[in-house]
Amino acid sequence: MTKKKPTVALIYDFDGTLSPGNMQEFGFIQAIGKDKAEFWAKNKKLSEDNDANGILTYMYLMIQAAKNNGISLRRESFKRFGENVELFDGVKEWFALVNEYGKSIGLDIKHYINSSGLKEMIEGTPIAKEFENIYACSFLYDVDGIAYWPAVAIDYTAKTQFLFKINKGIKEVSDNKKINQYILEKERPIPFKRMIYFGDGDTDIPCMKMIKEHGGHSIAVYTNGNSAKKATALQLIKDNRVNFVCPADYRAGKEINMVVKRILDKIKADYEFQRLLDWHHNKAQNNQANNMCYGTIFKLLFVFG
């Protein structure tokens, strides 16, 4: 049997999963002279009053607030705001730890973001380089490079489409062709059973449940000391929507680190077991074909001998 290194996708929500708050709260809201409670209350009212998508309304409010406060919302501005985004303990070191462990057991680890936050801000964080791809909300920019309209808006149900893009190896959000092409599951770059999804709440439920139901693994995380967040996460496992619940502490030796290592061990063992089954199945088929071939030759020799 020829050796092959299977690829495993670790897919993360961002706000509340890798960071303790919504990314807009780190720099941008302060820059427009608001506090976070005021900004999100205004967004909630705008969404409800107009029966509008809450993701689109927060992106609209960001553009309007920037204009009203004389802030130029260029891509570079978002990236600067991203530099101020706080991360949970151990997040910066997490990726190297997981990659090293995956390599030690013969797995190729790839990391992805699947977020309703802003791609441009995530690109400004110190961990942006760790991701194979960042699927998140983003803006269109005018000729002067200033954000003027949403380009991509991702809510909780829209997030699931990016799991299929990862499954089929599609990086472009705009792709509407390959995503609908039929590809045998065994021929897809990353099967769902080799995915691990990290989320913290309601917006992640469709993705976490879908990954779990397709044989992958989902982990609900919560902020240490936040009883409400912990209760939400525990309810997800009670409702059979996730496999594990862990504090959002990514340091070596902590619970989530140990859980992910055991999941990776299982993925590798399942992969090797399936390869063994396939090898024996192919051997049996080849043996049957050879027997049929020998039988045909014998008959021909008997007839024409």
Side-chain angles (χ1 to χ4, degrees), residues 11-29 31-32 34-68 71 73-75 77-79 81-82 85 112-125 128 131 133-142 146-166 171-176 179 197-211 220-221 229 232 236:
I11 308 162
Y12 311 83
D13 171 49
F14 195 92
D15 296 337
T17 300
L18 297 178
S19 171
N22 294 309
M23 62 185 69
Q24 296 83 359
E25 298 165 8
F26 299 102
F28 174 78
I29 290 178
I32 61 174
K34 305 285 184 182
D35 64 49
K36 62 182 182 180
E38 182 182 2
F39 180 84
W40 294 118
K42 187 174 182 179
N43 184 66
K44 185 174 186 291
K45 187 175 188 305
L46 181 63
S47 174
E48 291 177 351
D49 288 352
N50 295 277
D51 194 22
N53 182 294
I55 305 301
L56 286 168
T57 54
Y58 96 62
M59 296 177 77
Y60 167 81
L61 284 178
M62 289 187 75
I63 291 173
Q64 293 303 309
K67 287 181 179 178
N68 294 339
I71 298 172
L73 279 189
R74 299 176 183 273
R75 189 179 295 273
S77 302
F78 284 116
K79 286 187 175 181
F81 289 132
V85 172
Y112 297 83
I113 288 289
N114 190 15
S115 171
S116 295
L118 292 171
K119 181 177 182 179
E120 292 90 335
M121 287 189 70
I122 297 171
E123 289 174 340
T125 65
F131 302 108
N133 208 14
I134 298 173
Y135 301 105
C137 301
S138 61
F139 288 99
L140 293 174
Y141 296 86
D142 62 21
I146 298 173
Y148 72 93
W149 196 263
V152 178
I154 303 174
D155 62 14
Y156 63 98
T157 52
K159 279 186 172 185
T160 58
Q161 68 173 296
F162 298 104
L163 302 181
F164 287 96
K165 288 184 182 291
I166 295 169
K171 289 192 174 184
E172 298 79 12
V173 172
S174 59
D175 181 279
N176 291 316
I179 191 67
Y197 195 94
F198 301 76
D200 72 301
D202 293 344
T203 62
D204 300 300
I205 288 174
C207 286
M208 293 192 290
K209 186 171 177 61
M210 179 181 159
I211 290 292
V221 304
K229 288 282 189 182
T232 298
L236 291 175

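Quick note: numbers below take in every heavy atom, side chains included, and nothing from hydrogens, waters or symmetry partners.
Using modelled atom types, one side-chain atom of Asn133 and one backbone atom of Lys171 make a donor-acceptor pair closer than 3.5 Å. Listed for the Lys79 side chain is no donor-acceptor partner under 3.5 Å among the backbone atoms of Thr125. Looking at Ser115, its side chain never comes within 3.5 Å of a backbone N or O of Asp13 through a donor-acceptor pair. Side-chain N or O atoms of Asn114 include none that pairs as donor or acceptor with a backbone N or O of Ile11 at under 3.5 Å. Between the side chain of Thr160 and the backbone N or O of Thr157, at least one donor-acceptor pair lies under 3.5 Å. Distance alone, capped at 3.5 Å, places no donor-acceptor pair between the Ser138 side chain and the Ala151 backbone.
You'll find the side chain of Tyr156 stays beyond 4.5 Å of the side chain of Lys159, heavy atoms only. In this structure the side chain of Met210 reaches within 4.5 angstrom of the side chain of Leu163, judged on heavy atoms. Residues Ile32 and Phe28 form a side-chain contact, since some pair of their non-hydrogen atoms from C-beta on lies under 4.5 Å apart. Looking at Leu73 and Tyr141, their side chains never come closer than 4.5 Å, going by heavy atoms from C-beta outward. At least one side-chain heavy atom of Leu118 sits under 4.5 Å from a side-chain heavy atom of Met62.
If you run side-chain hydrogen bond (donor to acceptor under 3.5 Å, both in side chains) between Thr57 and each of Asn50, Asn43, Asp49, only Asn43 comes through.
Nearest approach of Ala136 to Gly117, heavy atoms of both residues: CB-O, 3.5 Å. Contact between Met59 and Pro150 at its shortest, heavy atoms only, is CE-CB, 3.8 Å. Scanning both residues, Cys137 and Ala153, for their nearest heavy atoms gives SG-CA, 3.9 Å.
In this structure, Ile55 CD1 and Ser116 OG are separated by 4.0 Å, a value rounded to the nearest 0.5 Å. A distance of 9.0 Å separates CZ in Phe26 from CE in Met121, rounded to the nearest 0.5 Å. Taking CD1 from Ile134 and CD from Glu123, the interatomic distance works out to 5.5 Å, rounded to the nearest 0.5 Å. Here the CD1 atom belonging to Ile146 is positioned 13.5 Å from the CZ atom belonging to Arg75, to the nearest 0.5 angstrom. To the nearest 0.5 Å, atom CD1 of residue Ile63 and atom CG of residue Asn68 are 12.0 Å apart.
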Set out, in order, the CA-CA distance, both residues' side-chain angles and the distance that settles side-chain contact (heavy atoms from CB on, under 4.5 Å) for Tyr58 and Leu46, then state yes or no. CA-CA 9 Å; Tyr58 96 62; Leu46 181 63; over 6 Å; no
I would like to know whether Trp40 and Glu25 meet side chain to side chain donor-acceptor pair (under 3.5 Å); could you show each step before the answer? CA-CA 10 Å; Trp40 294 118; Glu25 298 165 8; 3.0 Å; yes
Take Asn22 and Lys36 through the side-chain contact (heavy atoms from CB on, under 4.5 Å) test and state the conclusion after the steps. CA-CA 9 Å; Asn22 294 309; Lys36 62 182 182 180; over 6 Å; no
Side chain to side chain donor-acceptor pair (under 3.5 Å) between Asn53 and Asp155, intermediate numbers included: CA-CA 8 Å; Asn53 182 294; Asp155 62 14; 3.0 Å; yes
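Residue Lys42 qualifies as open at atom NZ: its count of foreign heavy atoms under 6.0 Å is 12 or below. The number of heavy-atom neighbours closer than 6.0 Å to NZ of Lys229, taken from other residues, nucleotides and ligands shown, is 12 or below.
Relative orientation of the Phe198 and Tyr12 rings is parallel, given thresholds of 30° and 60° on the angle between their planes. Ring orientation note: the planes of Tyr112 and Tyr135 are close to parallel, at an angle under 30° on the 30°/60° scale.
Side-chain atoms of Asp15 and Thr17 form no donor-acceptor pair, as typed in the model, at a separation below 3.5 Å. In summary, the side chains of Tyr197 and Asp204 do present a donor paired with an acceptor at a separation below 3.5 Å, with no hydrogens or angles considered.
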